[in-house]
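As the structure lists them, so they are numbered: ligands from 1, and atoms in each ligand from 1.
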Amino acid sequence: MLLKTVNLTKYYGNFLALDKLNIEVREGEIYGFVGPNGAGKTTAMKILACLMNASAGEAYIDGISIMQNPAKAKKLIGYMPDFFGVYDNLKVDEYLDFYADAHNVPKGERGPLIDDLLRLVNLADKKDKYVDTLSRGMKQRLCLARSLIHEPKLLILDEPASGMDPQARAEMKFILKALKAQGKSILISSHILPELSEMCDRVCILSRGKAVVSGNIDEIMDTMGRRAKITIGFLADEDLQNGVAVMRTNDLVGEMVREGNNVEAVFNGTDEDISKLIKAFALSDVRIVSISKTVQSLEQIFLEVIGNEN
Ligand SMILES: Nc1ncnc2c1ncn2[C@@H]1O[C@H](COP(=O)(O)OP(=O)(O)OP(=O)(O)O)[C@@H](O)[C@H]1O
Ligand SMILES: [Mg+2]
């Protein structure tokens, strides 16, 4: 396990911002931290990047305790903050050289390293431009390059694609996948689940400082019961009345909404359960003319998960 947290907890004064977080990031995987604004993503990441103390709990990077041995742990981590500051009239290569120097990268190695990194983040042609003249998306990619300068094993990226247009987001994803292919492990945060789900091996959904659910996307969908909605069309009003009575006796049927001769209902069962429901209609002489099922999207599930917590 490359990263492991044990009951990681953070109070700001009396406010509990992170409540006994337990996550494990495996070597070579992309792990997503998803949650709405204020969920505690940045708090957790700042602690893991050794920039802030936890109130309680432990965290280990490659077996090294970040509490006992932060200097050693820090060398293994590349951190990209959610906001980055002033650039003091530096050119792109000077900027990276400054950080390379701060990380004691030998002078002779810096040039080729910086060229490699700029190529990776698609900024090779901006090498001698002033950082201030870069677009927001370019600055974010430069910041990613900066977090890689000391060749860390684990990247901690706090919303690296925030504020980017769709093309820039796609480019960022492509770069992160390339990094994974190079063997890097990545912890990445976002408040958009579908955006992370495609790229992440596993995710943890945070809400109000608590991990609500975690695992790979399929496991999470299973935990959430792959909730679906079914819409049933009844032939006549009497069929609808009797049909609703049948559905009320079925534990898998949730909230129902009537529209004309149709009923839309939350359904927590499998396809086999739907066929049983159809059989139950037939046994009660309920005449149905149509039935359709829509599975909830990842985003709907996410909203439901965090909604229940709020
Ligand atoms: N320095 C601080 N002092 C007091 N409270 C703080 C501090 N930093 C964060 N908080 C609070 O802790 C909670 C978690 O904040 P955090 O920034 O970790 O959330 P986040 O998941 O990163 O949110 P966002 O999606 O907006 O970036 C919030 O309620 C926030 O107001
Ligand atoms: Mg944040």
When distances are taken from atom 14 (C) of ligand 1, the protein heavy atom at minimum range is G38 O, 3.3 Å
One finds that the ligand 1 atoms under 4.0 Å from a non-hydrogen atom of F15 are 11 (C), 12 (O), 13 (C), 29 (O)
Here the atoms of ligand 1 under 4.0 Å from any heavy atom belonging to T42 are 17 (O), 18 (O), 20 (P), 22 (O), 27 (O)
Can you confirm whether some protein heavy atom lies under 4.0 Å from atom 31 (O) of ligand 1, or whether none does?
no
The closest protein heavy-atom partner of atom 10 (N) of ligand 1 is Y12 CE1, 3.2 Å
Q: Check whether any protein heavy atom sits under 4.0 Å from atom 6 (C) of ligand 1.
A: yes
Sequence neighbours excluded, the answer for ring-ring contact (aromatic ring centres under 6.0 Å, His included) partners of F234 is F281
E238/R287 salt bridge by N-O under 4.0 Å criterion
yes
Nearest heavy atom to atom 25 (O) of ligand 1, choosing from M52, K41, H191, belongs to K41
Pair R141 + E171: basic N to acidic O under 4.0 Å:
yes
A student comparing S162, A44, G40 should find that the heavy atom closest to atom 19 (O) of ligand 1 comes from G40
Check D115 with K127, please: is the shortest side-chain N to carboxylate O separation under 4.0 Å?
yes
Ligand 1 to E159, heavy atom cutoff 4.0 Å, flagged ligand atoms 25 (O), 27 (O)
Would K4 pass as a cation-pi partner of Y60, given that its NZ or CZ must be under 6.0 Å from the six-membered ring centre and within 45 degrees of the axis? no
OG1 (T133) and CG (N89) are apart, to the nearest 0.5 Å, by 10.0 Å
> Do we get R202 above Y31's six-membered ring, with its NZ or CZ under 6.0 Å from the centre and within 45° of the axis?
Replying inline: no
Ligand 1 atoms nearer than 4.0 angstrom to some heavy atom of A39 are 19 (O), 20 (P), 21 (O)
Residue, atom and distance of the protein heavy atom nearest atom 26 (O) of ligand 1 read N37 ND2, 3.0 Å
Q. Any luck finding a side-chain donor-acceptor pair between E58 and T5 under 3.5 Å?
A. no
Under 4.0 Å between a Lys/Arg side-chain N and an Asp/Glu carboxylate O for R26 and D201?
no
d(S189 OG, D158 CG) to nearest 0.5 Å is 4.0 Å
Taking E198 first and then K177, would you say they form a salt bridge - that is, a charged N and a carboxylate O separated by under 4.0 Å?
yes
Worksheet item: So, R136 and D165, do they make that salt bridge, N to O below 4.0 Å?
Response: no
Ligand 1 atoms nearer than 4.0 angstrom to some heavy atom of T43 are 14 (C), 15 (O), 16 (P), 18 (O)
Protein N/O/S atoms closer than 2.8 Å to the Mg ion (ligand 2), ordered by chain and number, come to T42 OG1
